[in-house]
Amino acid sequence: MSSSNNTNKTNVPEAKEAMNRFKMEVANEIGVPLSEGYNGNLTSYQNGSVGGYMVKKMIEKQEKEMSNK
């Protein structure tokens with residue numbers, strides 16, 4: 001797979017740094033030893049748990065915002 005087929009892109013480029021900070025915050029919160037750069041030492045389960053928890057937190061935030069309108 002070439003890098004041009006990479007689907008792991010931020011839709012809003014300005015949000016990339018904030019998403020990276022959020023990812024690191026979530027990893028720390030759930031005890032996954034994520035580091036900047038390559039994380040090939042982590043299991044699929046560990047990496048997936050970070051992404052899954054990020055989605056969960058984003059959905060919770062959106063639901064909260066929607067209920068306050």
Side-chain angles (χ1 to χ4, degrees):
M1 178 186 287
S2 70
S3 62
S4 64
N5 291 333
N6 186 355
T7 60
N8 190 20
K9 294 183 184 190
T10 306
N11 289 329
V12 181
E14 300 81 22
K16 185 173 183 159
E17 185 57 38
M19 288 300 290
N20 283 334
R21 283 192 309 270
F22 180 47
K23 178 172 54 174
M24 297 304 284
E25 174 188 314
V26 165
N28 186 50
E29 198 171 307
I30 62 175
V32 173
L34 191 66
S35 60
E36 292 291 331
Y38 181 72
N39 283 284
N41 58 313
L42 299 179
T43 66
S44 296
Y45 180 83
Q46 288 173 309
N47 284 313
S49 65
V50 172
Y53 198 68
M54 286 174 70
V55 171
K56 180 181 180 193
K57 288 185 78 158
M58 287 186 276
I59 290 171
E60 286 172 353
K61 183 177 186 223
Q62 184 62 36
E63 286 175 340
K64 188 180 239 183
E65 287 179 14
M66 291 170 67
S67 69
N68 289 332
K69 291 186 178 186

How long is the straight-line distance from CG of N20 back to NZ of K16, given to the nearest 0.5 Å?
6.5 Å

Only counting residues at least two apart or in another chain, list the ones meeting salt bridge (charged side-chain N to carboxylate O under 4.0 Å, His left out) with E63.
none

Side chains of N68 and K64: does their closest heavy-atom pair fall under 4.5 Å?
yes

In Å, rounded to the nearest 0.5 Å, how long is the span from CZ of R21 to CD of E25?
9.5 Å

Any residue meeting side-chain hydrogen bond (donor to acceptor under 3.5 Å, both in side chains) with S35, in chain and number order, not counting sequence neighbours
N39

By salt bridge (charged side-chain N to carboxylate O under 4.0 Å, His left out), which residues pair with K61, not counting sequence neighbours?
E65

Not counting sequence neighbours, list each pair that qualifies as a salt bridge (Lys or Arg N to Asp or Glu O under 4.0 Å) and has a residue in residues 37-50.
none

Whether over 12 other heavy atoms sit under 6.0 Å from N11 CG:
no

According to side-chain contact (heavy atoms from CB on, under 4.5 Å), who are the partners of P33, at least two apart in sequence or on a separate chain?
L42, Q46

Residues passing the side-chain hydrogen bond (donor to acceptor under 3.5 Å, both in side chains) test with K57, sequence neighbours excluded, are E29

From CE (M54) to CD1 (I30), nearest 0.5 Å
10.0 Å

For the CD atom on E60, are there more than 12 heavy atoms of other groups (residues, nucleotides or ligands in this structure) within a distance under 6.0 Å?
yes

I need the minimum non-hydrogen distance between N47 and L34, along with the two atoms involved.
OD1-CD1, 4.2 Å

